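The sequence lines fix the lettering, A, B, ..., with proteins before strands; numbering per chain opens at 1. Computed from a predicted structure; not experimentally measured.
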Amino acid sequence: MSPAAASDTIRITLPDGTVKEFAGATTAFQVAEGIGSRLAQAAVGAKIDGELTDLHAPIERDCQLAIVTEKTRDGEPDPDALMLVRHSAAHVMAEAIQRVVPGAQLVYGPPLETGFYYDIAFPEDRPLREGDFEAIEAEMAKIVKEDRRFTRYEMPAAEGLKKLAAEGSKYKIDNAERAIAASGSEAVQLSWYATGEPGKNWEDLCRGPHVPNTGRIGAVKIMSLASSYWHGDETSDRLTRVYGTAFFKKKDLDEYLDRLEQAKARDHRVLGKQLRLFHIDEAVGQGLVLWTPNGSIVRKELQDFIGAELRRQGYTDVFCPHIGKLGLYKTSGHFPYYAESQFVPVMEREFLKGLADDGCSCSDLSNMLESGEIDGYLLKPMNCPHHIKIFDSQPHSYRDMPVRLSEFGTVYRWEQSGELNGMMRVRSFTVDDAHLFCRDDQVGEEVQGCLSLVKIAFETLGLNDFRVRVGLRDPDSSKYVGSSEVWEKAEAACRDAARTLGVKVSEEPGEAAFYGPKIDFVVRDVLGREWQLGTVQVDYNLPERFDLSYTGSDNKPHRPVMIHRAPFGSMERFVGFLIEHFAGAFPTWLSPEQVRVLPISEKTNDYAAETLRALRDAGVRATLDDGNERVQAKIKRAAEEKIPYMAVVGPRDAEAGNVSVRAGRAEGPRRDAAGGVCRRRAARARRPHRVGRGRERDGGDVVVRPRGGVHHR
RNA sequence: GCCGCUGUAGCUCAGUGGUAGAGCGCACCCUUGGUAAGGGUGAGGUCGUGGGUUCAAAUCCCACCAGCGGCUCCA
């Protein structure tokens, strides 16, 4: 960039449409000053033609300019401003770390949605530990207090590379080379940011932009340490990733930390334990979920719900064993290509004995496993091969199609130990699976049907915060089976179907299954991590591999197309997600316990038992808390256990044949004749309802009277 | 699998070289109370597992196991 000639007039258009003219180069800061000193004070950066830049960056051409301040006009923190403060905080942290740990080499330190990180290579004899955080934060506080200006300077690529070579940082040289390659020109300038004066203060090769000075970083905290790999490549250098977050105000940081605490309270692992929904036991094994009675109710209700939809759509149930011969998975392509993410095969005694007699060593065995020349049974990693064999067990006419086989099929995958996570990532899970075998001309309609199933499920449960991902082939990978023609056909089918959903769809190369492209429904957990739930996958490949066929109207064999689909994905992950979605307070039809009967004292225990019987006869999941406690304590416990309804019964209720119904998550008592409430509520509790309509809390079948009025009849 | 952190009563956590603690929950007793905790008494722990250092280890060191955060992977 060359400075504009002094005579050039620069026209700057502000967001409100006003145009400011300047004789020669200016900066966003000067523009802000021209508008008002308060704006200039609040300014932390600028957006020039939509691109975030430094506040003091020279403006040398006509442009659209927006001044970036801490908060947007409606008082919300400005995401661009947060990016600036976090990127700047990353620099300050890096400087502090290099003070505390001499020899630490910087690699890469970008801002994130919720903070920032810096990847750093520490000397082998001096790794970073959490115990260092305090010292680093103290150094950071000093740098912030010094209020040093972020100063950008540039130099030509060749000169910059020389400078980096002299400094001896292979990571920064690599960054520079990548920047040069990305720009596609050797003529590009490399930029540095000094935290203060170039040549005197700490500096870092960096594209920017930053806040004007370190004093703008109001609150910063180092959050955690993690291991990472250079370029994300696990065979490359192992780096230490230091996570932190920063805000302009201490209050914003405190609020953020507070929100994190609250998020932890609704973490499915925390609630799962509190509400006794599931259990993972060391003695059983890592990543193996035990469904306790409460969680089993939630799961069973969901299965019944989806099962009813499946019958409506013409699916038929099948059941299959959990293992299958290796040959089956060689045909499908699961083995040996995905051997490292499967449990090792179960081998027949005779086969093992034969190997031993042949003098097979452990390393021979290992090699045979690796190459796939092994006989035995595999714990199934997917249900499709079994279902394919069911389809193939008899001839099919084009008139039979589509064939829709469904099964809650349990599969087993050897996930890396560091990946396991509560119910979200496990080693054994049950897919609400089905495989559709259809004609070419039916693919579109069948995919639509599958998508509508996902929509019904998501709408019923009030899940509306999700994104749709179309997973496509990674053109550079060889892990996929099938020819590119069939892939293109399948990818087009997925694209077209996803478009009809009417929600935002992102296409992601490399996210396809190995046998075909897919449409995934992706949600975030309470900690912001993404998980794939429902999925619909079009597959032209497995029918080919298994040589499936049906007889067409021309009396010739034709190849069916397969669709794999699972509206929930896996029962484990889906219920784990639902626990967080509802914060443990399930809608009544899913609640493990729907009504708890609470006698006022032991004097009404008999009437309470009668009430319990009436509820249970009506099909309501109810229990009785006849403990020797005051009803207040019983209510508190029931509320903590997130039970939707409490039936409080005392002498007055017993005399009148009433119960006092209390909605556990709403306020105040409600009453009605016991039988009426029980029967109607039971009928509703048995079938799913859409949540969010408030029908369950103030439904018309409960007579609500003023609290003062209920004592008199 | 990798790096860091964590592991003490059923749960949540305190204790950091010298005889294991609290609250909740549980059991029993008193209390029989009308909408988010009535009172008392008591039981309950090889301090994740295995080694080592020490007169002495829950505490220090090593290895392993498991959990958490992230990375990598993800059919």
Side-chain angles (χ1 to χ4, degrees), chain A residues 117 119 122 127-133 223-236 238-243 260 264 267 269-270 273-274 276 280-283 285-287 329 332-335 337-338 340-342 380-385 411-422 425 431 471 479-481 510-516 518 527 529 531-532 535 537 539 542 564 598-605 627-640 646-653 660-665 667-671 707 710-711:
Chain A
Y117 68 79
D119 275 346
F122 285 92
L128 195 69
R129 298 174 193 288
E130 279 184 18
D132 296 319
F133 286 6
M223 302 295 289
S224 64
L225 281 182
S227 163
S228 65
Y229 302 105
W230 196 24
H231 300 157
D233 174 0
E234 66 182 322
T235 62
S236 187
R238 192 193 58 71
L239 308 170
T240 301
R241 181 166 293 183
V242 191
Y243 280 88
L260 273 187
K264 271 186 206 149
D267 187 309
R269 293 162 298 193
V270 173
K273 192 178 261 183
Q274 266 172 24
R276 305 191 312 278
I280 294 173
D281 198 293
E282 265 191 51
Q286 280 185 287
Y329 300 98
S332 70
H334 290 101
F335 192 85
Y337 303 111
Y338 293 87
E340 77 281 359
S341 51
Q342 291 161 3
K380 63 180 175 185
M382 290 187 90
N383 297 308
C384 28
V411 298
Y412 301 85
R413 299 181 189 178
W414 186 260
E415 304 287 0
Q416 295 188 83
S417 62
E419 263 309 331
L420 300 173
N421 183 291
R425 189 81 181 260
V431 183
K479 72 173 185 179
Y480 306 100
V481 297
E511 290 294 326
F514 76 92
Y515 49 75
K518 51 182 190 165
L527 296 179
R529 297 175 294 206
W531 301 97
Q532 178 203 309
T535 182
Q537 315 179 351
D539 179 6
L542 291 183
H564 311 237
L598 307 179
I600 294 290
S601 79
E602 289 172 3
K603 287 176 180 165
T604 37
N605 276 0
N628 179 12
E629 278 162 312
R630 298 177 62 183
V631 75
Q632 287 90 328
K634 296 178 183 179
I635 287 169
K636 179 165 195 288
R637 193 174 322 130
E640 275 170 358
M646 302 172 211
V648 179
V649 291
R652 291 198 294 271
D653 301 291
S660 297
V661 179
R662 179 189 166 108
R665 309 159 202 157
E667 298 302 312
R670 292 160 182 182
R671 25 176 70 194
R707 192 181 286 200
V710 294
H711 300 300

- Query: Expressed in whole Å, how much space separates the C1' atoms belonging to B/A58 and B/C2?
  - Reply: 29 Å
- Can you figure out which of B/G38, B/A37, B/G34 approaches the side chain of A/Arg652 most closely? B/G34
- Can you tell if the side chain of A/Leu225 reaches within under 4.5 Å of the side chain of A/Val242, non-hydrogen atoms only? yes
- May I have the distance from A/Glu340 (atom CD) to B/G1 (atom C1'), rounded to whole angstrom? 12 Å
- Query: Rounding to the closest angstrom, what is the interatomic distance between B/G17 and B/C29 at atom P?
  - Reply: 44 Å
Considering only nitrogen or oxygen atoms on both sides, find all protein atoms under 3.5 Å from nucleotides 3-6 of chain B and state each distance.
| residue | atom | partner | partner atom | Å |
| --- | --- | --- | --- | --- |
| B/C3 | O2 | A/Ser227 | N | 3.2 |
| B/C5 | O4' | A/Glu130 | OE2 | 3.4 |

- A/Met223 has an atom CE; how far is it from atom P of B/C68, in whole Å? 18 Å
- Query: Residues in side chain to side chain donor-acceptor pair (under 3.5 Å) with A/Arg630, at least two apart?
  - Reply: none
- Listed partners of A/Arg529 passing side chain to side chain contact (heavy atoms under 4.5 Å, CB included), at least two apart: A/Arg269, A/Asn421, A/Asp525, A/Leu527, A/Trp531
- Item | B/G39 to B/U46 separation - P atoms, rounded to the nearest Å | 31 Å
- Item | A/Gln342 (side chain) donor-acceptor with A/His334 (main chain) under 3.5 angstrom | yes
- Task: Identify whether any heavy atom of A/Gly232 sits under 4.0 Å from a base atom; if not, whether one sits that close to sugar-phosphate; answer base, sugar-phosphate or nothing.
- Result: sugar-phosphate
- Side-chain touch A/Gln532/A/Glu511, heavy atoms, less than 4.5 angstrom: no
- Task: Between A/Asp233 and A/Gly627, name the one whose nearest nucleotide on RNA chain B is closer to the 5' end.
- Result: A/Gly627
- Task: Rounded to the nearest angstrom, tell me the gap between atom CD in A/Glu234 and atom P in B/C73.
- Result: 7 Å
- Please state the C1' separation for the pair B/G10 and B/C73 - nearest whole angstrom. 36 Å
- Message: Within the structure provided, determine whether A/Pro127 and A/Thr240 are in side-chain contact (heavy-atom separation under 4.5 Å).
- Response: no
- Taking every non-hydrogen atom, the tightest pair across A/Tyr229 and A/Leu239: C-CD1, 4.1 Å
- Minimal heavy-atom distance between A/Pro385 and A/Tyr329, with the atoms involved, is CG-CE2, 3.8 Å
- Message: Output the rounded distance in Å from CD (A/Glu602) to P (B/C30).
- Response: 10 Å
- Message: How close do A/Asn383 and A/Val431 get, counting heavy atoms only, and between which atoms?
- Response: ND2-CB, 4.0 Å
- Item | Under 3.5 Å donor-acceptor pair, A/Ser601 side-chain atoms to B/G34 base atoms | no
- Item | Integer angstrom distance from the C1' of B/G25 to that of B/U12 | 11 Å
Protein N or O to nucleotides 8-12 of chain B N or O, pairs below 3.5 Å:
none

- Whole-Å distance separating the CZ atom of A/Arg637 from the C1' atom of B/C24: 11 Å
Any protein N or O atoms within reach of nucleotides 60-67 of chain B? Criterion: under 3.5 Å, listing atom names and distances.
| residue | atom | partner | partner atom | Å |
| --- | --- | --- | --- | --- |
| B/A66 | OP1 | A/Gln286 | OE1 | 2.9 |
| B/G67 | OP2 | A/Gln286 | NE2 | 2.6 |

- Item | Shortest non-hydrogen contact between A/Val631 and A/Pro599, atoms and distance | CG2-O, 4.4 Å
- Decide yes or no for A/Val411 and A/Pro381: does some side-chain heavy atom of the first lie under 4.5 Å from some side-chain heavy atom of the second? no
- Any A/Asn628 side-chain nitrogen or oxygen under 4.0 Å from OP1 or OP2 of B/C29: no
- For A/Gln632, report the nucleic acid contact type (base, sugar-phosphate, nothing); a contact means any heavy atom under 4.0 Å. sugar-phosphate
- Is A/Lys634 reaching over with its side chain to a backbone N or O of A/Gly627, donor-acceptor style, under 3.5 angstrom? yes
- Message: By the 4.0 Å heavy-atom rule, please label A/Arg529 as base, sugar-phosphate, or nothing.
- Response: sugar-phosphate
- Message: Reading 5' to 3' and counting Watson-Crick or G-U wobble pairs with both distances under 3.5 Å, write the dot-bracket notation for RNA chain B, | for bases paired outside the strand.
- Response: (((((((..((((....[..)))).(((((.......))))).....(((((..]....))))))))))))....
- Could you state the atom-to-atom distance from CD of A/Glu629 to P of B/G39 in whole Å? 11 Å
- Task: Under 4.0 Å between any heavy atoms, over every strand shown, what does A/Tyr515 touch: base, sugar-phosphate, or nothing? Just pick one.
- Result: nothing
- Can you tell me how far P in B/A14 sits from the matching atom in B/U32, rounded to whole Å? 40 Å
- Query: Does a distance-only test, which skips hydrogens and angles, find a donor-acceptor pair under 3.5 Å between the side chain of A/Tyr229 and the base of B/G70?
  - Reply: no
- Query: Given the C1' atoms of B/G18 and B/C11, what is the spacing between them in whole Å?
  - Reply: 30 Å
- Message: Quick check on RNA chain B: between A/Arg425 and A/Lys603, whose nearest nucleotide comes earlier from the 5' end?
- Response: A/Lys603
- Message: Looking at A/Arg129, is its backbone amide N or carbonyl O close enough to the side chain of A/Asp132 to form a donor-acceptor pair, meaning the two atoms are under 3.5 Å apart?
- Response: yes
- Task: Can you see which heavy atom on A/Asp539 is nearest to which on A/Tyr515, and at what distance?
- Result: OD1-O, 3.2 Å
- Whole angstrom is fine here: how far is it from CD in A/Gln416 over to C1' in B/C74? 9 Å
- Item | For B/U19, glycosidic torsion class - syn if within 90° of 0, otherwise anti | anti
- Query: In whole Å, what separates the C1' atom of B/G7 from that of B/C64?
  - Reply: 14 Å
- Query: Does any non-hydrogen side-chain atom of A/Met382 lie less than 4.5 Å from one of A/Leu542?
  - Reply: no
- Message: Using every non-hydrogen atom in the two residues, find where A/Ile600 and A/Gly650 come nearest and quote the distance to one decimal.
- Response: CG1-CA, 3.4 Å
- In whole angstroms, how far is the C1' atom of B/G70 from the CG atom of A/Leu527? 12 Å
